[in-house]
Structure formats: structure tokens, C-alpha cells
Amino acid sequence: MPLMTTAPITQDVHTIPRKLPEGGKINIIGLTRDQLRAALIAAGCPEKQAKMRVGQIWQWVYFFGLRDFAEMTNLSKDFRALLAEKFELVLPEVVTRQISEDGTRKYLVRIQGGHEVEVVYIPETDRGTLCISSQVGCTLTCSFCHTGTQKLVRNLTPAEIVGQVMLARDDLDEWPVKGASNADPAARLVSNIVLMGMGEPLYNFENVRDAMHIVMDGEGIALGRRRITLSTSGVVPEIARTAREIGCLLAVSFHATTDEVRDVLVPINKKWNIATLLDALRDYPGLSNSERITFEYVMLDGVNDSKEDAYRLIELLRGIPAKVNLIPFNEWPGAPYKRSSGNRIHAFADIINAAGYASPIRKPRGEDIMAACGQLKSATERARKSRKEIEAEAGLGG
């Protein structure tokens, strides 16, 4: 399929700030420990007690998953009454839950203002991965991605990001009962988190960072930093900051081996091209063979799947501890691309593997419920469009 270089350049980020109700209760979920301490003191908690109270509340909310202050039995009745008067524990609302034939679960989740995002849980034999969203819609207009055809509405708050993890644990009945110790994350149903849902996480950096600190906190949900993978399309100025301030693993939506093709597939490439992106990745703090960068590469028939592409990719990766996730394109209604053939994907993988890079082929999951990679788009925004309309938006011809 011929490519044209007229895809829209990535928009500058203008998001609608969330309006909080005047004089409303403060939602504890999503507050950092310091923010919660300050809020408790402002509500009348003696300063000397505040740190201890933060620890107690933190354990009830994030270890046991409680939503009712009355059940926090190691707090005095007066303090519980104060919490109920001044604070609340509110998660996003699950509107629908779909379960795929392969066990994948997709949640349509409503957040403040009536907007909706999608969350996907993928069970595997050795792990359970939760794919969470960081924005309503996406600015990036990547031409192969269904999510990118939905215009950005706003960034998610820390409460809305952490809340996705909590509602999945609710649905999977995974909170420990009182008296139980926190299970080894490797044995948990939600053992890994990937920021690969709707949105570009690095365009919502502070909120994502604060939410992940809550998820990683050892006295609560307690998922270690190496169990969290943040996927970016290449927001170069925030890449080093991700290592310093979050410390999670990094994945890059790469998908092409020349700027000409990547400009169309991932238009952010027009701001930070392949060479600039790779320089930032080589300098990624803490990069080692034990913490390799994952390069995500969606296989598009006749676009980026040639043997020449495979050899170019090897050259580009030199000096970067990396693995390459090959993703068979997950088609969606009106998609302007087709999935590469199995033979072509395996031939590509063999070339990458022979050069010493792991090149697993991702098994499509949840395709029957539109939960696979690149298919997420909230149902209320999923207007039926013709292939011609979508191709025009993506700047594609042929």
C-alpha cells in the first residue's frame, strides 16, 4: 500500500482541565502520601498524628481495598466520622465488562465528566497484565491505531489512573482478607501493569508518575517498578525523566525503520525523528541487559515488513539493550492497513533473532471484543466511519 507523507503532525497538547466541585469532599484515592497528610491536617487532624494516620488509611485503602471509613477499625470513631464528613473513596465507574473467549477482560470505564476510557486485563500462564489508559482519547493520530482516531479530551487524574487498577482487582476479587499477608506479586492475578491503553503517558507525566508511585508503594498494592511498563511513541524530552522519577521499564512504539514511513505511522516522528529518539534511548538511565527497552513493532502488510526493514532495524538498535515485540496488526472496522502474513512475520522475527535480539511475536488477545493492541476506543466515541473517511484523516492514499 503506498504511503503519503501528509498525515497531520502531532498536535500541541491542549487538554481540558478537570473542574472539581466547589466545597466537595476530597477523594483520598490518587493522593500521594504527602498530599494526604496535608489534607488530613487541613481537615483538623493533629499534625503529630498525621503521619501515622496516613499509614493506617493507606493500608486500608490500597492493601485491603476498603471503600468504607466505618470499617477502618483501628481508627477512633471520632476520626472515622471526620473522614466521612470531609473525604470520600471514589473509583471510576465500570459501565460494561466484556470477557473474551481467551479470558481477556475489557472494561468500559466512566470517569468524571461522563467521559469513558477502556481498560484491558490479559491473563496468561505466568502473569496477569492490566493495560491501563492515561488520557481520554489521544493526540498522536497514529494512522494504524483505532484509539488515535478519537480526539483527545483530557488527561486522566492520578485517582482515575490508580482507580483502573483498583477496579480490576475488585472484579477479580483480589484484595486480601484481614489477617492475610500480601501475596507475592508473581502469584497475583494482576501481576503486571502496562501503560499502553488510551493516550500517550508522557503527555500526562506528573499524573502518571504520582499514580505509579501509589501502585508501587510497598504498604499498599506493592507492584515493583519492574512490573510496570510505560509505552511511549517517543516524547523525547520526558524519556530520561521517566527513568529518574518513575523508574519503570520502557517500551517504545517504533513501527518503522525510516523517517519517511514513521512520519506517517507515528506522526510524532516529525517532532522527534528516529535518530533523535534513539539517542535519547541510548542515554536512558539504568539501561542494561536486565532492563532492556522494548521496541513495539506492528506488522503491516507491504508497509514495514520487508527483509530490508528487518536488517535496517538491527542497524538502528546497535548499542541499545533491546527486545523487539512483533505485533500482528489488529484490524478494526475501516482500518487502512492489513496484517502481514504469518510467513512474513516469522521471516522478520528470524532475522531479528539471529542478530541477537529477542523477537517474540505477540499473540493477539481479545480480538473478538476489540480489546487487542491498537483497538481501544470508547464505545460512545466509536462512530462508524467509512474506510475512505479514515484514510483521509490518516493522510493515506491507495
Side-chain angles (χ1 to χ4, degrees), residues 1 3 100 102 104 120 122-127 129 131 142-146 192 194 196 226 229-234 249-262 264-266 269 274-275 277-278 281-282 284 287-332 335-368 371-376:
M1 176 179 296
L3 282 168
S100 168
D102 63 20
T104 298
V120 177
I122 306 166
E124 299 175 80
T125 53
D126 60 339
R127 68 177 64 192
T129 300
C131 178
C142 297
S143 58
F144 59 87
C145 180
H146 194 34
N192 293 70
V194 293
M196 296 182 185
R226 294 179 69 174
T229 300
L230 183 150
S231 176
T232 178
S233 291
L249 302 184
L250 191 70
V252 178
S253 294
F254 203 62
H255 309 308
T257 61
T258 67
D259 284 325
E260 180 185 10
V261 175
R262 197 167 190 264
V264 176
L265 296 182
V266 189
N269 197 71
I274 288 175
L277 173 59
L278 292 177
L281 296 177
R282 286 189 184 92
Y284 192 67
L287 187 59
S288 68
N289 281 318
S290 64
E291 296 195 13
R292 297 170 294 175
I293 290 174
T294 297
F295 285 77
E296 297 163 315
Y297 197 96
V298 65
M299 300 297 292
L300 302 170
D301 183 41
V303 174
N304 63 355
D305 60 351
S306 69
K307 290 182 179 180
E308 290 76 17
D309 280 305
Y311 288 117
R312 269 197 300 269
L313 183 56
I314 291 164
E315 288 302 313
L316 291 171
L317 296 183
R318 289 201 187 281
I320 302 176
K323 79 169 186 178
V324 180
N325 262 355
L326 297 177
I327 306 167
F329 176 56
N330 297 309
E331 297 187 23
W332 36 272
Y337 300 107
K338 289 188 170 66
R339 177 183 294 182
S340 301
S341 70
N343 287 344
R344 198 107 183 215
I345 294 172
H346 283 281
F348 197 101
D350 289 344
I351 293 169
I352 304 298
N353 198 52
Y357 295 98
S359 54
I361 299 169
R362 186 181 295 173
K363 180 184 176 185
R365 301 292 301 269
E367 286 184 291
D368 55 320
C373 186
Q375 289 184 322
L376 300 189

Taking Glu291 first and then Arg226, would you say they form a salt bridge - that is, a charged N and a carboxylate O separated by under 4.0 Å? yes

If you look at every heavy atom in Tyr297 and Thr257, which pair is closest and at what distance? OH-CG2, 3.8 Å

Between Arg312 and Asp309, is the closest basic N to carboxylate O distance under 4.0 Å? yes

With side chains defined as the heavy atoms from C-beta onward, is the minimum distance between Leu265 and Leu300 less than 4.5 Å? yes

Could you please spell out the steps behind the side chain to side chain contact (heavy atoms under 4.5 Å, CB included) verdict for Val298 and Tyr337? CA-CA 11 Å; Val298 65; Tyr337 300 107; over 6 Å; no

Determine the minimum heavy-atom distance between Ala310 and Ile351, stating which atoms define it. CB-CG2, 3.7 Å

Verify side chain to side chain contact (heavy atoms under 4.5 Å, CB included) between Glu331 and Lys338, making sure each step is shown before the conclusion. CA-CA 7 Å; Glu331 297 187 23; Lys338 289 188 170 66; 4.2 Å; yes

Side chains of Ser341 and Asp301: closer than 4.5 Å at any heavy-atom pair? no

Separation between CD1 of Ile274 and CG of Asp259, rounded to the nearest 0.5 Å: 4.5 Å

His255 side chain to Arg262 backbone, donor-acceptor under 3.5 Å: no

If you measure from CZ on Arg292 to CG on Leu249, what distance do you get to the nearest 0.5 Å? 10.0 Å

Test side chain to side chain contact (heavy atoms under 4.5 Å, CB included) on Leu317 and Val324; report intermediate values, then the result. CA-CA 10 Å; Leu317 296 183; Val324 180; 3.7 Å; yes

Would you confirm whether the ring centroid of Phe295 sits within less than 6.0 angstrom of the ring centroid of Tyr357? no

For a quick test of reading the model, state the closest non-hydrogen atom pair linking Phe329 to Arg339 and the distance between them. O-NE, 2.7 Å

Atom pair CG/CG of Leu278 and Leu281 - distance to nearest 0.5 Å: 6.0 Å

Beyond-backbone contact of Ile352 with Leu313, side-chain heavy atoms, under 4.5 angstrom: yes

Can you measure from OG1 (Thr294) to CE (Met196) and round to the nearest 0.5 angstrom? 7.0 Å

Does a donor on one side chain sit under 3.5 Å from an acceptor on the other, for Ser100 and Asp102? yes

Interatomic spacing from CZ in Phe254 to OG in Ser233 - rounded to 0.5 Å: 12.0 Å

Are Thr232 and Leu230 side-chain neighbours, meaning at least one heavy-atom pair lies under 4.5 Å? yes

Nearest-0.5 Å distance that lies between atom CG in Asn353 and atom NE2 in His346: 12.0 Å

Output yes when a side-chain donor or acceptor of Arg282 lies under 3.5 Å from a complementary backbone atom of Ile320, and no otherwise. no

I would like to know whether Asp305 and Ile345 meet side chain to side chain contact (heavy atoms under 4.5 Å, CB included); could you show each step before the answer? CA-CA 7 Å; Asp305 60 351; Ile345 294 172; over 6 Å; no

Can you check whether Ser253 reaches Glu296 side chain to side chain, under 4.5 Å on heavy atoms? yes

